[in-house]
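Data first, discussion second: the structure below is written as structure tokens.
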Amino acid sequence: MPPVYTQTQLLIVGGGPGGYVAAIRAAQLGIKTTLVEGAALGGTCLNVGCIPSKALIHAAEAYAQARTQAAGRSALGIRVGGVELDLATTLDWKDGIVAKLTGGVGALLKKHGVTVVKGWAELIDGKTVEVRQPGIDPGEAPQRIQCEHLLLAAGSQEVELPFLPFGAGEGRVVSATEALAFGAVPKQLVVVGAGYIGLELGTAWRKLGAEVTVVEAQERILPGYDAELVKPVAQSLVKLGLKTMLAHRVEGLNAAGTALTVRDPQGTLLELPADKILVAVGRRPRSEGWGLERLMLDMNGRAVKVDAQCRTSMKKVWAIGDLTGEPLLAHRAMAQGELVAEVIAGHPGRFEPAAIPAVCFTDPEIVSAGHTPASAEAEGARRGFKVLQAQFPFAANGRALSLESPEGFVRVVARADNRLILGWQAVGAAVSELSAAFGLSLEMGACLEDVAHTIHSHPTLGEAVQECCLRALGQALHI
Ligand code: FAD
Ligand code: NAD
């Protein structure tokens with residue numbers, strides 16, 4: 001049966017944060033846009049990533065607090081009776097948030113006149129995509145869409161360890177997707193990888209009552225962040241009773257398939273019994289299995305190589321988001337999606353952000369935006385400037401104390417000569433919300449004085465941001 005062809009101006013493969021934002025902006029700019037999504041609108045982020053994980057983290061914290069209160073250990077003097085977890089309701093609540101947001105994406109696409117095609121796209125060439133729709137009669141003509149511009153936004157997928165495949169041990173070995181929806185709280189959860197997912201979800205399940213052990217190949221948790229920043233998180237894990245095994249090598253399952261075998265730094269083989277094993281050792285661009293290789297694009301390993309306008313090596317073929325490699329973050333994908341739509345519409349623009357803030361939703365949270373002291377020193381050595389840095393501890397911030405969260409600090413990194421702010425880091429309760437101020441100051445090219453002399457509301461965690469700049473200028477008021 002010959003294929004049936006339809007035409008569009010912009011064809012987007014993938015309806016995650018990158019693809020759906022690109023579609024909305026393109027439609028706003030008058031570009032006839034079609035978006036093909038094989039699974040669910042909202043992609044990894046809305047369905048099995050950012051949103052459900054943060055919902056679970058919040059529920060786990062609420063439960064942990066209630067248990068503290070029930071045990072008579074609340075410093076606030078709150079005492080409650082018996083505490084019970086109705087996990088099915090917790091998961092329904094989390095799924096409700098996902099449904100609301102993914103439904104919202106569908107409505108926004110509809111409102112803007114984007115044509116959404118449900119099905120898996122197979123690239124035929126740089127201008128043609130064939131869509132395999134679920135449940136299609138094999139006798140039916142395949143649907144092909146031709147376009148002027150092709151935007152690849154297929155995202156990423158979890159890395160699988162060959163000696164510990166997902167599903168092994170009768171379903172014991174799982175990815176984050178399953179770990180967001182365990183039907184019961186695992187008695188013993190072993191997590192492989194102390195990165196973002198391992199620590200965010202490991203902490204959540206610990207608070208929900210599981211015994212959790214995190215096995216990490218490197219010598220410390222969250223090896224992507226600087227050691228000082230991670231210290232309060234490591235201390236909190238100890239307090240929570242979450243066990244970490246650092247510099248351990250995972251070997252696989254034991255013969256019975258009931259325990260994870262790991263080798264400690266001395267070479268001794270250990271068995272960690274587990275009813276669930278979450279493997280969270282990274283994600284990789286989804287660059288196989290949908291005809292991408294036919295385009296013979298320039299690649300950076302498994303990631304599609306793009307320039308500062310998200311152009312690939314083929315004319316009028318663009319790529320954004322996780323498919324283009326690190327950092328694998330939703331807000332980066334969205335920003336690239338917006339940019340590509342604007343460039344296609346003829347607007348000038350380049351993807352050259354001053355910073356892409358990274359937030360780890362551990363307890364306490366971590367934020368990093370722009371240069372760390374080490375990367376600023378290296379840049380300074382290259383470009384001939386000196387660096388200064390200052391920290392302000394939350395222990396000296398009234399709001400942090402009233403939130404029972406005195407641990408952590410804010411750190412600013414700046415040039416010593418002209419006091420241009422180069423970077424920010426923070427660790428503490430709710431510091432994710434400070435990332436907006438950090439990003440803004442870097443994009444606006446703020447100097448220490450700009451932030452130091454801006455009135456910050458009292459009492460807020462934001463005052464620590466201001467005090468940090470005052471301290472860098474030698475004018476600290478509250479320390
Ligand atoms: P995706 O969201 O992966 O979307 C790609 C879409 O393309 C998918 O829906 C997929 O079904 C579709 N697709 C792929 N191939 C085809 C095809 N051939 N045909 C049709 N459709 C196709 N990031 C943050 O910034 N903050 C967080 O807090 C955060 N938490 C996370 C928690 C977890 C557990 C995980 C797994 C990830 C988290 N991330 C977080 C990362 C974030 O989810 C990704 O960076 C983001 O989703 C990338 O967006 P994207 O549009 O590039 O790709
Ligand atoms: P990650 O890169 O954050 O962490 C993976 C960890 O696994 C690292 O510490 C690594 O050293 C360790 N590791 C690798 N191989 C191992 C092995 N064989 N044995 C033991 N440890 C091993 O990856 P992730 O946690 O899977 O998350 C994937 C991506 O998703 C992240 O890079 C991030 O971009 C994104 N994400 C972001 C957020 C957020 O923004 N808050 C949350 C979750 C996920």
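As the structure lists them, so they are numbered: ligands from 1, and atoms in each ligand from 1. No hydrogens, no waters, no symmetry mates; every other heavy atom, side chains included, goes into these values.
Nearest to atom 44 (C) of ligand 2 among the protein's heavy atoms is I197 CG1, 3.5 Å. Closest to atom 9 (O) of ligand 2 among all protein heavy atoms lies E216 OE1, 2.7 Å. Scanning all protein heavy atoms for the shortest distance to atom 4 (O) of ligand 2 gives G195 CA, 3.2 Å. Among all protein heavy atoms, the one lying closest to atom 10 (C) of ligand 1 is E37 OE2, 3.5 Å. Given atom 3 (O) of ligand 1, the protein heavy atom at minimum distance is T44 OG1, 2.6 Å. Of the protein's non-hydrogen atoms, V281 CB, 3.6 Å is the one closest to atom 14 (C) of ligand 2. Regarding atom 5 (C) of ligand 2, its nearest protein heavy-atom neighbour is A280 O, 3.5 Å. With respect to atom 35 (C) of ligand 2, the closest heavy atom belonging to the protein is L328 O, 3.5 Å. In terms of protein heavy-atom proximity, atom 26 (O) of ligand 2 is nearest to G282 N, 2.9 Å. Scanning all protein heavy atoms for the shortest distance to atom 38 (C) of ligand 2 gives Y196 CD2, 3.3 Å. What sits closest to atom 20 (C) of ligand 1 on the protein, heavy atoms only, is G38 N, 3.3 Å.
A donor-acceptor pair under 3.5 Å is absent between the side-chain atoms of W318 and the main chain of A153, judged by distance alone. Judged by distance alone, the side chain of H331 and the main-chain N or O of P357 form a donor-acceptor pair under 3.5 Å. The backbone N or O of Q188 lies less than 3.5 Å from a partner atom in the side chain of D275, making a donor-acceptor pair.
Below 3.5 Å of separation, one finds no N or O of L180 facing any N or O of ligand 1. For ligand 1, the polar-atom distance check finds no N/O of F361 at less than 3.5 Å from any of the ligand's N/O atoms. Between G321 and ligand 1, not a single N/O pair is under 3.5 Å apart. Considering backbone and side-chain atoms alike, A333 places every N or O at 3.5 Å or more from each N or O of ligand 1. No N or O atom of R283 sits closer than 3.5 Å to an N or O atom of ligand 2. Ligand 1 has no N or O atom lying under 3.5 Å from any N or O atom of S53, backbone or side chain.
Below 4.0 Å from some heavy atom of G193 lie the following atoms of ligand 2, by number and element: 6 (C), 7 (O), 12 (C), 21 (N). Interface of F361 with ligand 2, defined as ligand atoms under 4.0 Å from a residue heavy atom, comprises 41 (N). Below 4.0 Å from some heavy atom of V359 lie the following atoms of ligand 2, by number and element: 39 (C), 40 (O), 41 (N). Within ligand 2, counting atoms from 1 as listed, the ones closer than 4.0 Å to a heavy atom of Q218 are 11 (O). Close approach to H331 involves these atoms of ligand 1, each under 4.0 Å from a residue heavy atom: 25 (O). Ligand-side atoms of ligand 2 in range of V215: 20 (C), 21 (N), range being under 4.0 angstrom from any heavy atom. Listed by number with element, the atoms of ligand 1 under 4.0 angstrom from any heavy atom of A40 are 9 (O). Every atom of ligand 2 with a heavy atom of V192 under 4.0 Å away is listed here by number and element: 19 (N), 20 (C).
Contacts between A176 and ligand 2, counted as non-hydrogen atom pairs separated by less than 4.0 Å, are absent for every part of the residue. When heavy-atom distances to ligand 1 are checked against a 4.0 Å cut-off, W120 comes that close through both its backbone and its side chain. Residue contacts with ligand 1 for E122 are absent, since no atom lies close enough (heavy atoms, distance under 4.0 Å). Using a 4.0 Å cut-off between heavy atoms, A330 contacts ligand 1 through both its backbone and its side chain. Counting heavy atoms closer than 4.0 Å to ligand 1, residue L41 contributes nothing at all. Residue contacts with ligand 2, taken as heavy atom pairs separated by less than 4.0 Å, involve E200 solely via side-chain atoms from C-beta onward. At a 4.0 Å heavy-atom cut-off, ligand 1 touches D322 through backbone and side chain alike. For E200, no heavy-atom contact with ligand 1 is shorter than 4.0 Å. When heavy-atom distances to ligand 1 are checked against a 4.0 Å cut-off, R283 comes that close only through its side chain, counted from C-beta outward.
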Inset, instruction - Carefully, step by step, assess E228 and Q425 under the rule side chain to side chain donor-acceptor pair (under 3.5 Å). - result: CA-CA 10 Å; E228 201 182 6; Q425 290 80 43; over 6 Å; no

Legend entry - Trace of the side chain to side chain donor-acceptor pair (under 3.5 Å) decision for S368 with W424: CA-CA 6 Å; S368 184; W424 292 99; over 6 Å; no

Inset, instruction - Check the pair D92 / T89 against side chain to side chain donor-acceptor pair (under 3.5 Å), numbers first and verdict last. - result: CA-CA 5 Å; D92 280 352; T89 302; 5.4 Å; no

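Side-chain contact check for S432 and S435: no donor-acceptor pair (N or O, by modelled atom type) lies under 3.5 Å. Between the side chains of N254 and E271, at least one donor-acceptor pair of N or O atoms lies under 3.5 Å. At a cut-off of 3.5 Å, with distance as the only test, a side-chain donor of T324 or R332 sits close to an acceptor on the other residue.
Scanning both residues, L109 and Y20, for their nearest heavy atoms gives CD2-O, 3.9 Å. Of all heavy-atom pairs spanning I421 and L442, the tightest one is O-CD2, 3.5 Å. Considering every non-hydrogen atom in both E200 and F361, the closest pair reads OE2-N, 2.8 Å.
A salt bridge between K207 and D363 is present, with a side-chain N of the basic residue lying under 4.0 Å from a carboxylate O of the acidic one. Using a 4.0 Å cut-off between charged nitrogen and carboxylate oxygen, E122 and R294 count as a salt-bridge pair.
Considering only non-hydrogen atoms, atom 20 (C) of ligand 2 lies nearest to A217 out of S175, A217, P327.
Aromatic ring orientation, W93 versus H58: tilted (interplanar angle from 30° to 60°).
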